[in-house]
Amino acid sequence: MATCLHQAVVLVASAGDLDTTGSAVRAHVRLIHETALDYSVDAELTVSLPEIPTARRQELLDQAVNHCPLVNGWAVNLDGETP
C-alpha cells in the first residue's frame, strides 16, 4: 500500500512538473484481533514531500490517493500535518 501511494504521488507530480526528490511514504500498520478467527487490519500512512511547495502538497496528495485504491479508507497525512 505504501509503494502504491508513493508511485501514485510520483505519477501525479510528474504530470504537474513537480519535484518528488526525497519524497517518502511511511505506513503504520496494526493487525487487530477481534475474535479467535476474526482479524482486521488498520493503517495510517504519512507522506513526506520536501520539494513540493507547501501550497500544492495537499492537492497532490488528494490526487494520488484517488489513483491508489489500496489506501481507500485509511488515514493519509502529510508529514507534520493532520487533516
Side-chain angles (χ1 to χ4, degrees):
M1 96 192 85
T3 301
C4 173
L5 183 57
H6 190 259
Q7 290 173 345
V9 164
V10 171
L11 177 70
V12 172
S14 66
D17 203 27
L18 298 169
D19 183 6
T20 58
T21 302
S23 65
V25 178
R26 289 186 315 273
H28 179 84
V29 180
R30 292 176 296 280
L31 179 62
I32 302 165
H33 181 234
E34 311 269 341
T35 65
L37 298 174
D38 188 17
Y39 294 87
S40 62
V41 175
D42 186 36
E44 182 175 339
L45 299 140
T46 304
V47 180
S48 176
L49 301 167
E51 299 301 320
I52 305 294
T54 303
R56 304 276 313 271
R57 290 178 185 168
Q58 188 62 54
E59 176 188 359
L60 171 65
L61 185 57
D62 292 343
Q63 290 177 357
V65 166
N66 286 335
H67 282 73
C68 185
L70 290 175
V71 301
N72 190 22
W74 287 327
V76 180
N77 302 310
L78 287 167
D79 194 20
E81 301 176 28
T82 53

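Please read all numbers here as calculations on a predicted model, not as lab measurements.
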Shortest non-hydrogen contact between A2 and A27, atoms and distance: CB-CB, 4.3 Å
Residue pairs involving residues 5-19 (criterion side-chain hydrogen bond (donor to acceptor under 3.5 Å, both in side chains); sequence neighbours excluded): H6-S23, D19-T21
Any non-hydrogen side-chain atom of [X] less than 4.5 Å from a side-chain atom of [Y]?
{"X": "V12", "Y": "H67", "value": "yes"}
{"X": "V41", "Y": "I32", "value": "no"}
{"X": "V47", "Y": "V76", "value": "yes"}
{"X": "L61", "Y": "R57", "value": "no"}

Under the salt bridge (charged side-chain N to carboxylate O under 4.0 Å, His left out) test, residues paired with D42 that sit two or more places apart: R30
Residues Q63, V9; criterion side-chain contact (heavy atoms from CB on, under 4.5 Å); working and verdict: CA-CA 8 Å; Q63 290 177 357; V9 164; over 6 Å; no
Common cluster, V29/W74, ILVMFWY with side-chain heavy-atom separation under 4.5 Å: yes
L11-L78 co-clustered via ILVMFWY side chain contacts under 4.5 Å: no
Among L60, L18, T54, the one residue meeting side chain to side chain contact (heavy atoms under 4.5 Å, CB included) with L49: L60
Polar contact flag, side-chain donor to acceptor under 3.5 angstrom, E51-T20: no
